[in-house]
There are 2 protein chains.
Amino acid sequence: MYNIILKHLEEKVTLSLEEKELIKTFFKPQKLKKKQFLVIEGYVCKYLTFVSKGLLKSYNVDEKGNEHINQFTPEGWWTSDMNSFFSGEISFYSINAIEDSDILTITVEDFDNLTLQVPVMDRYFRILFQNSLITKERRLISSHTHNAEEKYRHIAENNPDLIKRVPQNLLASYLGLSPETLSRLKKNLLLE
Amino acid sequence: MYNIILKHLEEKVTLSLEEKELIKTFFKPQKLKKKQFLVIEGYVCKYLTFVSKGLLKSYNVDEKGNEHINQFTPEGWWTSDMNSFFSGEISFYSINAIEDSDILTITVEDFDNLTLQVPVMDRYFRILFQNSLITKERRLISSHTHNAEEKYRHIAENNPDLIKRVPQNLLASYLGLSPETLSRLKKNLLLE
DNA sequence: AAATTCGATTGATCTATATCAAGTTTATTC
DNA sequence: GAATAAACTTGATATAGATCAATCGAATTT
């Protein structure tokens, strides 16, 4: 149950046996069925969540009712509305399951205790957030620099696994494109 | 020289006198004149930089020669090409001074030593990166959800200081707009 | 202070992508 | 396995914002 997360942590920091045992006690295993919600926009996001198995999406809905996907979270990654989680404000995003998923959740209070009792977890999350920041920055630049085709090509090259797993209309939303545009663009790529 | 950065650190973590003295020794004060470069795209970004005074911009240039601004860094904030800094790969961004600036720089080796010798710095950077991540995420969603006018309104409300300080064409680049579009849009806002 | 560079404005035109609509295929659900 | 709902495709049309070009004003440099 906990070996995936521990393996993941140990890729970035070294942990003693005692630390590992302690860490386990902070995380609660849960299951999400496909289409089930982990967080609903407008409510407080109570958990920081590690996905052990499955796939979640984090998204928000604009005034016109369009869904904008912020992040896909497959196994081995973390998800949350970080602002809501850390500040206690209401969540800007909804998070729900694209596939049946196994997750491990931690509350803010426990997160605070965890980092105080196992300080190396601050280092772990420092490195984790640092890497996420690099990725987010790249995506933002890409959204300004690249046209629709370049955005698709980029993700197809860098996340071939993801594009196989995710319905095309959700991928379009993630890339900031309409489903029609993505469909046409893929057709053109095949014809070339 | 170091009081600004220490004050900044102490907003997020508590530091002993000894820790503060130790921290100081890791940072090298430097000055940048307006238009001077801290990092040049294609070279390795050797420093993580805290800005004590002034204003820097981080940007990259696309194939067509257009500049895309990734970040403005006024006093009290950090800048770097994080990927280049931490991985040693060549930099994707250039960073240069919009105003004459006072900065404090640290190398990766020193950064590693700093976090090992003063572990609470991992916590500091965890919190810093965590907050940056929230901001970047919002910007990315905004770039998909909002039109030109909404993007401008948003930054005008949240960073009124910045829009006073930054030339309009650079602001346009930061928002992913052409300078002409931003100019027209501001005119319309005034007429309303 | 003159010269030069840089930034902002305005107009005309173009284009990538969105939107609307209908039809088809593929998955779910009962 | 029939019914229903999602997901994808294709066409026609609309539009936000880019691009090109010219002018004007402001600020920096010599």
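Computed from a prediction, not measured in an experiment: that's the story for all the values here. Within every chain, numbering begins at 1; the chains are lettered A, B, ... in the order of the sequence lines, protein sequences first and strands thereafter. Just so it is clear, the values below take in all heavy atoms, side chains as well, and ignore hydrogens, waters and symmetry mates.
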Self-check item: Nucleotide nearest B:Gln168 when distance is taken to its side chain, options D:dA12, D:dG17, C:dT9
Solution: C:dT9

Quiz item: If you check the B:Lys64 side chain, which of D:dA18, D:dT19, D:dG11 turns out closest?
Solution: D:dT19

Quiz item: Under 3.5 Å, is there an N or O donor on one side and an acceptor on the other linking the side chain of A:Glu180 and the base of C:dC20?
Solution: yes

Self-check item: Side-chain heavy-atom pair A:Arg165, A:Phe72 within 4.5 angstrom cut-off
Solution: no

Practice problem: Taking only the side-chain nitrogens and oxygens of B:Lys187, find out if one of them lies under 4.0 Å from OP1 or OP2 of C:dT9. | Solution: no

Quiz prompt | Pairwise side-chain contact, A:His8 with A:Tyr124, heavy-atom cut-off 4.5 Å (strictly under) | solution = yes

Quiz item: 5'-most contact on DNA chain D: B:Asn66 or B:Lys34, nearest heavy atom basis?
Solution: B:Asn66

Practice problem: Measure the distance from NZ on A:Lys186 to C1' on D:dT10 and round it to the nearest whole Å. | Solution: 15 Å

Quiz prompt | Rounded distance (Å) that lies between atom C1' of C:dA16 and atom NZ of A:Lys151 | solution = 11 Å

Quiz item: Between C:dT17, D:dT9, C:dT19, which one does the side chain of A:Ala148 approach most closely?
Solution: C:dT17

Quiz item: Rounded to whole angstrom units, what separation is found between the CZ atom of B:Arg184 and the P atom of D:dA18?
Solution: 9 Å

Quiz item: Counting only side-chain N and O atoms of B:Asn169, is one of them less than 4.0 Å from OP1 or OP2 of C:dC6?
Solution: no

Quiz item: Between A:Lys35 and A:Asn147, which is nearer to the 5' end of DNA chain C once each is assigned its nearest nucleotide?
Solution: A:Asn147

Quiz item: Taking OP1 and OP2 of C:dA18, is either one under 4.0 Å from a side-chain nitrogen or oxygen of A:Thr181?
Solution: yes

Quiz item: Within the side chain of B:Ser84, is there an N or O that forms a donor-acceptor pair under 3.5 Å with the backbone of B:Glu89?
Solution: yes

Quiz prompt | Side-chain touch A:Arg126/B:Thr115, heavy atoms, less than 4.5 angstrom | solution = yes

Quiz prompt | Residue B:Ser178, side-chain heavy atoms: nucleotide from D:dA18, C:dT19, D:dT9 that is nearest | solution = D:dA18

Self-check item: Interatomic distance, B:Glu149 CD vs D:dG17 P [rounded to whole Å]
Solution: 9 Å

Self-check item: Residue of the set B:Ile40, B:Ile90, B:Val108, B:Asp81 for which side chain to side chain contact (heavy atoms under 4.5 Å, CB included) holds with B:Cys45
Solution: B:Asp81

Exercise. Starting from C1' on C:dA18, measure out to NE2 on B:His146 and report it in whole angstrom.
Key: 17 Å

Quiz item: Over how many whole Å does the gap from A:Leu182 atom CG to C:dT19 atom P extend?
Solution: 15 Å

Practice problem: Calculate the interatomic distance between A:Leu185 atom CG and D:dC8 atom P; express it in whole Å. | Solution: 14 Å

Practice problem: Mind calculating the distance between CD1 (A:Ile98) and P (C:dA27) to the nearest angstrom? | Solution: 16 Å

